[in-house]
Amino acid sequence: DLKTIPILVPGPLNPDTLAELKETFEVIEGHGAPVDGLPAETRERVRGVALAGRFTPADMEALPKLEIVAHFGVGYDGVPADEAARRGIMVTNTPDVLTDEVADTALALLLNTVREFPLAEQHLRAGQWKEAAYPLTERTLRGRRVGILGLGRIGLAIARRVEAFGLTVEYHNRSPRSDVAYSYHPTLLDLAKAVDTLIVVAPGGAETKGAVNAEVLAALGPDGVLVNVGRGTVVDEPALIAALRDGTIAAAGLDVFEREPQVPAELLALPNACLLPHVASASRATRRAMGRLVIDNLAAWFAGEALLSPVPETIGIANPNS
Ligand code: NDP
C-alpha cells in the first residue's frame, strides 16, 4: 500500500503535483526548512523525496532509509546523482514531457530578443505610439546562422523549429549525433565562430560551468545574439554583461541566471537583454505532466517495477522493493 510510504517534500512543489502526491503517498512537507533540522523520528522514516531544486549529500546523510529522489525537472544539476549512486539511492528526472514547451519558449525568446517585441509593446502601452512609430529594429531573424549548444531532446526540438523558420542549424555536443544532418563543431568556440546566433540548452554542473565565456561571445561578433534556456551557470554572466555593454555582441535573451532568483542590476539596466524568470516549461499543463512523471516514478519504484526515467548515473541500482 503506497499510502503507508512516507515521501518528504522538502520545499515548494507545484500545487497540482503536491495534491496528486498526497492522494497516492503519505506526504511529509518540509516547508523549506533544512532536512537535517527535521525531528529524528520523521527523518528516520522517510523513504522517498520529491523536489524541485537542490538536494545535498548532507540531506542524503540525514535520511537513513532514503531509497529514491524524484526530481521535478529534467535538469538535475542540483542533485548530486553520482553521490546518490554511491549510496544506492535512485534518482529520477522529468525528460520529454517538457521538451516542446521549452523549445517553444526558446523560439519566443529568440524572436523577442532579435525583434524587440517586448519593448515595442511597452512603447504601445506607454501611449507613445500616438507620438511616434516604434523604431525599426536593427536586427532581424532573416539570414541568421543558428548554433545550438546541447543538441539533446530539447536542442533537437529547437533545431526543428529553427529549420521551419527557414534558418540553418549547426551544433556542439561532446560527441556528434549520428541521426542528424546538421553541421557538428568539435568545440564550442568553433561553433561560435561559424554562427551569429547561439542557443544554449546544455545542462548545468561543473562540466559546462562558464563555457560561454568572453572568447566565445567575441566569436559571435557584433551582430551576435545569445539565447540561454539551459542553465545560468553555462554562461559567464559578468563576461556577458560586458559583451552586451560594449557591443561585442548585439543582444541576449535569457530564461536562466547564475544565482536565481537574483538577476544582476547590470542586466536589468540593459535594453538589449530580454529577460524571463525561468518560465520555459511553466504552463500549468506541462508542469502537471512533469509532476505526473515524478509520481509515476515513485509509484513504480515502490511497486518494484521498472522506472520511467532514471537518470543515467543511477541506472541499474538495486531496488529493494523488487
Ligand atoms: P539532454 O540530455 O537530452 O540534452 C543535453 C545535450 O547537451 C546533449 O545533446 C549533450 O550531448 C549535450 N551536453 C551535455 N554535456 C555537455 C558538455 N559538457 N558540453 C557540450 N554539450 C554537452 O537534455 P534535455 O534536452 O532534455 O535538457 C537539456 C537541459 O535544458 C537540462 O539539463 C536543463 O538544464 C535545461 N532545461 C531548462 C529548462 C528551463 O526551464 N529553462 C527546462 C528544461 C530543461 P553530449 O552528451 O554528446 O555532450
Side-chain angles (χ1 to χ4, degrees), residues 14 52-54 71-82 91-110 147-162 169-180 182-192 198-213 216 226-236 252-258 260-261 263 274-287 289-291 293-294 308-315:
N14 173 278
R54 302 201 72 76
H71 185 260
F72 183 101
V74 68
Y76 56 99
D77 45 306
V79 180
D82 287 326
V91 178
T92 63
N93 64 344
T94 61
D96 302 315
V97 292
L98 44 57
T99 292
D100 284 320
E101 198 84 76
V102 177
D104 291 346
T105 308
L107 267 294
L109 196 49
L110 175 62
I148 297 178
L149 169 58
L151 194 74
R153 289 171 293 244
I154 301 169
L156 190 60
I158 292 172
R160 301 297 189 221
R161 284 159 173 75
V162 168
V169 176
E170 307 174 39
Y171 73 104
H172 168 66
N173 281 353
R174 286 167 300 184
S175 19
R177 291 181 68 129
S178 55
D179 58 347
V180 298
Y182 307 128
S183 297
Y184 173 74
H185 295 269
T187 72
L188 174 57
L189 188 58
D190 287 338
L191 174 66
L198 181 63
I199 302 182
V200 177
V201 64
E207 237 193 284
T208 55
K209 193 169 165 36
V212 180
N213 56 24
V216 168
L226 175 77
V227 167
N228 188 4
V229 292
R231 278 292 179 266
T233 52
V234 183
V235 175
D236 178 340
L254 311 171
D255 184 50
V256 288
F257 303 87
E258 244 176 61
E260 296 169 13
V263 178
C274 183
L275 311 171
L276 296 179
H278 203 144
V279 292
S281 71
S283 72
R284 189 161 185 190
T286 291
R287 288 286 169 88
M290 291 162 64
L293 189 47
V294 165
L308 287 94
S309 48
V311 303
E313 292 89 334
T314 59
I315 285 175

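When a ligand or atom number is given, it counts from 1 through the structure's own listing order.
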Taking atom 39 (C) of ligand 1 as the reference point, the nearest protein heavy atom with its distance: His278 NE2, 3.3 Å
Atoms in ligand 1 with a heavy atom of Ala280 nearer than 4.0 Å: 39 (C), 40 (O), 41 (N)
Rounded distance (nearest 0.5 Å) linking atom CD of Glu170 with atom CG of Leu198: 11.0 Å
Distance from atom 43 (C) of ligand 1 to nearest protein heavy atom, with residue and atom: Val74 CG1, 3.5 Å
CZ (Arg54) with more than 12 external heavy atoms under 6.0 Å: no
Protein contact of atom 13 (N) of ligand 1 - nearest heavy atom, named by residue and atom, plus distance: Pro203 CD, 4.0 Å
Nearest-contact summary for atom 38 (C) of ligand 1 - protein heavy atom, Å: Val229 O, 3.6 Å
Heavy-atom donor-acceptor pair, Asp255 side chain to Val279 backbone, under 3.5 Å: yes
Heavy-atom nearest neighbour in the protein, as seen from atom 4 (O) of ligand 1, with distance rounded to 0.1 Å: Gly152 CA, 3.2 Å
Structural part of Asp255 in contact with ligand 1, heavy atom criterion under 4.0 angstrom: side chain
Distance in Å, Asn93 CG paired with His71 NE2, rounded so as to fall on 0.5 Å steps: 8.5 Å
Sub-4.0 Å atoms of ligand 1 with respect to non-hydrogen atoms of Leu151: 9 (O)
Val102 neighbourhood, listing ligand 1 atoms whose heavy-atom distance to it stays under 4.0 Å: 42 (C), 43 (C)
Closest candidate by heavy atom, reference atom 33 (C) of ligand 1, pool Gly73, Gly75, Ala106: Gly75
4.0 Å heavy-atom contact, Pro95 with ligand 1: no
Worked check of side chain to side chain contact (heavy atoms under 4.5 Å, CB included) between Thr94 and Arg287: CA-CA 10 Å; Thr94 61; Arg287 288 286 169 88; over 6 Å; no
Candidate with minimal heavy-atom separation from atom 2 (O) of ligand 1, of Arg231, Arg153, Lys209: Arg153
Taking atom 46 (O) of ligand 1 as the reference point, the nearest protein heavy atom with its distance: Arg174 NH2, 2.9 Å
Proximity of Val256 to ligand 1 by residue part, where a heavy atom lies under 4.0 Å: side chain
Backbone or side-chain N or O of Leu98 under 3.5 Å from ligand 1 N or O: no
Min N/O separation Ile154 to ligand 1 under 3.5 Å: yes
Heavy-atom donor-acceptor pair, Arg231 side chain to Gly75 backbone, under 3.5 Å: yes
Element-labelled atoms of ligand 1 that are located less than 4.0 Å from some non-hydrogen atom of Val201: 28 (C), 29 (C), 30 (O)
Residue, atom name and distance, where the atom is the protein heavy atom closest to atom 11 (O) of ligand 1: Asn173 CG, 3.3 Å
Ligand 1 N/O within reach of Gly150 N/O, cut-off under 3.5 Å: no
Flag, side chain of Thr187 to backbone of Asp190, donor-acceptor distance under 3.5 Å: yes
Protein heavy-atom partner closest to atom 18 (N) of ligand 1 - residue, atom, separation in Å: Glu207 OE2, 3.3 Å
Short N or O distance, Thr208 and ligand 1, threshold 3.5 Å exclusive: no
